Structures are given as structure tokens and as C-alpha cells.
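Numbers here simply count residues along the sequence, with the first being 1. Since the model is a prediction, treat every value here as computed from it, not as a measurement.
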Amino acid sequence: MSGDAVRRDAARVLLLDPADRVLLVRFEDRLTDYVWWATPGGGIQPGESPQAAARREVREETGLRDFELGPCVWLREFEFTWRDRRFRQFEHIFAARVEEFEPSLDGFESYELDLLPEHRWWSVDEIERSADRFGPRRLGLRLRELLKDGFPATPIEIGR
């Protein structure tokens with residue numbers, strides 16, 4: 001771990017609808033004008049398993065409560081700076097097959113709402129054609145591989 005980076009464990013979920021679209025959340029940091037799309041997810045609380053964190057984060061960030069969490073398909077480690085603090089994040093990224101639904105912002109914390117979140121269902125082609133930022137950066141390619149090959153028996157370590 002980098003000298004001054006704070007470790008942060010996180011869980012995220014690829015919510016995939018019957019048309020193989022993924023639900024992403026758009027965030028905008030108004031202090032830096034940095035905008036990105038990511039899967040629902042966030043920090044794992046003390047004593048919480050990655051699976052429990054993934055379910056909680058989906059509920060908080062989308063309103064979806066009743067779904068079956070699938071396997072952890074990807075592991076990701078990367079560093080980022082947030083509000084003048086350096087973090088090294090270790091992510092468990094799960095997959096879940098769900099019916100298309102209309103997500104809600106009701107579960108977001110006030111500091112999260114300050115990031116102007118919005119939801120959108122994305123196809124792989126739309127992600128690959130977009131000039132927007134995604135986390136992970138090569139989400140379109142990774143998702144295309146996942147949909148072609150199926151969920152892996154053990155999680156795949158992916159890059160930033």
C-alpha cells in the first residue's frame with residue numbers, strides 16, 4: 001500500500017437486466033467537475049461481509065430490496081484521491097440478474113446526494129461508444145467478456 005493511502009474495502013454490484021444492460025450511477029464532484037459512472041456500491045462497514053455490503057449498497061443506491069446476489073466476478077484494487085485524502089480501494093464486484101426496474105435516490109446519504117446522482121441502464125455497445133468515464137475504466141470490454149464467457153468460477157482480478 002502507498003505510504004499515505006488509507007485502505008478502503010468496498011463492494012459493488014453489476015445489476016444486469018434481461019437485455020444484458022447494466023445499471024450504473026452517475027456522480028459529479030462539483031468541486032473538481034469530475035464526472036463518472038459506476039455500479040452501485042460502496043464501503044464495507046466494520047464487521048460486514050462483502051456480500052452483505054453489496055446487498056445494502058444496492059438497497060441504498062437503487063431502492064431494490066428483493067434480488068438474488070450472484071457470485072463475486074471481479075476483484076479490483078486502485079488508488080484515488082477524494083476530498084484531499086488518498087485512498088487505496090479493494091473492491092469485490094458481484095453480479096446479479098434482475099428485472100428492469102425504476103431506481104430510486106431515496107437511500108442516498110446527503111453527502112452522496114451532493115454528487116448529483118442519477119441512474120441509467122447501459123448496454124455494452126453504449127458504454128463502449130461513450131466518451132464518459134466509467135469505473136472500472138474498461139467496463140465495456142470487461143462486461144462484454146463476462147456476458148460472452150459467463151460468470152467465472154473464481155473472481156477475476158481486473159485493472160483500474
Side-chain angles (χ1 to χ4, degrees), residues 1-16 21-62 69-96 103 107-109 111-160:
M1 181 158 72
S2 292
D4 61 347
V6 175
R7 181 184 175 111
R8 182 173 193 258
D9 293 306
R12 309 199 79 76
V13 182
L14 292 161
L15 294 173
L16 298 165
R21 295 179 307 162
V22 63
L23 182 66
L24 299 177
V25 185
R26 179 188 178 273
F27 294 102
E28 179 179 345
D29 183 348
R30 291 183 283 178
L31 295 177
T32 63
D33 292 328
Y34 191 83
V35 177
W36 74 101
W37 291 91
T39 58
I44 298 173
Q45 297 174 354
E48 189 176 42
S49 71
Q51 293 86 348
R55 286 185 190 91
R56 176 182 50 76
E57 288 288 342
V58 166
R59 183 178 64 252
E60 290 174 0
E61 294 190 358
T62 72
L69 185 65
C72 180
V73 294
W74 299 332
L75 298 172
R76 181 167 86 131
E77 175 185 341
F78 66 100
E79 287 194 17
F80 65 97
T81 301
W82 181 252
R83 306 291 192 231
D84 296 324
R85 241 176 129 185
R86 192 82 185 144
F87 292 91
R88 182 173 210 97
Q89 184 152 296
F90 297 84
E91 291 182 339
H92 288 80
I93 304 173
F94 296 87
F108 279 98
E109 300 287 336
Y111 74 91
E112 293 170 321
L113 289 172
D114 287 343
L115 295 171
L116 307 172
E118 70 177 70
H119 297 96
R120 179 177 163 194
W121 290 97
W122 289 79
S123 71
V124 172
D125 289 340
E126 289 170 332
I127 293 169
E128 289 180 332
R129 285 193 310 262
S130 176
D132 290 355
R133 288 184 192 101
F134 296 90
R137 286 186 178 158
R138 294 173 45 191
L139 178 61
L141 173 67
R142 297 285 184 199
L143 189 54
R144 184 174 299 285
E145 291 170 350
L146 186 73
L147 293 170
K148 181 176 81 58
D149 300 336
F151 299 160
T154 59
I156 297 169
E157 290 190 28
I158 62 170
R160 189 164 158 64

Decide yes or no for [X] and [Y]: does some side-chain heavy atom of the first lie under 4.5 Å from some side-chain heavy atom of the second?
X     : Y      : value
Leu69 : Gln51  : yes
Val25 : Glu118 : no
Phe90 : Arg8   : no
Ile93 : Cys72  : no

Trp36: partners by ring pair (Phe, Tyr, Trp, His ring centres under 6.0 Å), with sequence neighbours left out: Phe27, Tyr34
field: For Thr39, all residues meeting side chain to side chain donor-acceptor pair (under 3.5 Å), sequence neighbours excluded
entry: Arg12
field: For Glu28, all residues meeting side chain to side chain donor-acceptor pair (under 3.5 Å), sequence neighbours excluded
entry: Arg26
For [X], give me all partners under side-chain contact (heavy atoms from CB on, under 4.5 Å), at least two apart in sequence or on another chain.
X      : value
Glu48  : Ile44, Gln45, Ala52, Ala53, Arg56
Glu57  : Glu60, Glu61
Thr154 : none

Enumerate donor-acceptor pairs with a distance under 3.5 Å from any side-chain N or O in residues 129-138 to protein atoms, sequence neighbours excluded.
| from | atom 1 | to | atom 2 | distance (Å) |
| --- | --- | --- | --- | --- |
| Ser130 | OG | Asp132 | N | 2.9 |
| Asp132 | OD2 | Trp37 | NE1 | 3.0 |
| Arg133 | NH1 | Val35 | O | 3.3 |

task: Would you kindly check if the NZ (Lys) or CZ (Arg) of Arg7 is within the cone defined by 45 degrees around the ring axis of Phe87 and under 6.0 Å from the six-membered ring centre?
output: no
message: Can you see whether Trp122 has Arg120 sitting over its ring - NZ or CZ less than 6.0 Å from the centre and within 45° of the normal?
response: yes
- line: Closest heavy-atom pair, Pro50 versus Phe94, reported as atoms and distance to 0.1 Å, is O-CE1, 3.7 Å
Can you give me every donor-acceptor pair (side chain of residues 139-152, partner residue at least two apart or in another chain, under 3.5 Å) with its distance?
| from | atom 1 | to | atom 2 | distance (Å) |
| --- | --- | --- | --- | --- |
| Arg144 | NE | Glu128 | OE1 | 3.3 |
| Arg144 | NE | Glu128 | OE2 | 3.2 |
| Arg144 | NH2 | Asp125 | OD1 | 2.6 |
| Arg144 | NH2 | Glu128 | OE1 | 2.6 |

message: Using the salt bridge (Lys or Arg N to Asp or Glu O under 4.0 Å) criterion, which residues pair with Arg21? Sequence neighbours excluded.
response: Asp17, Glu100
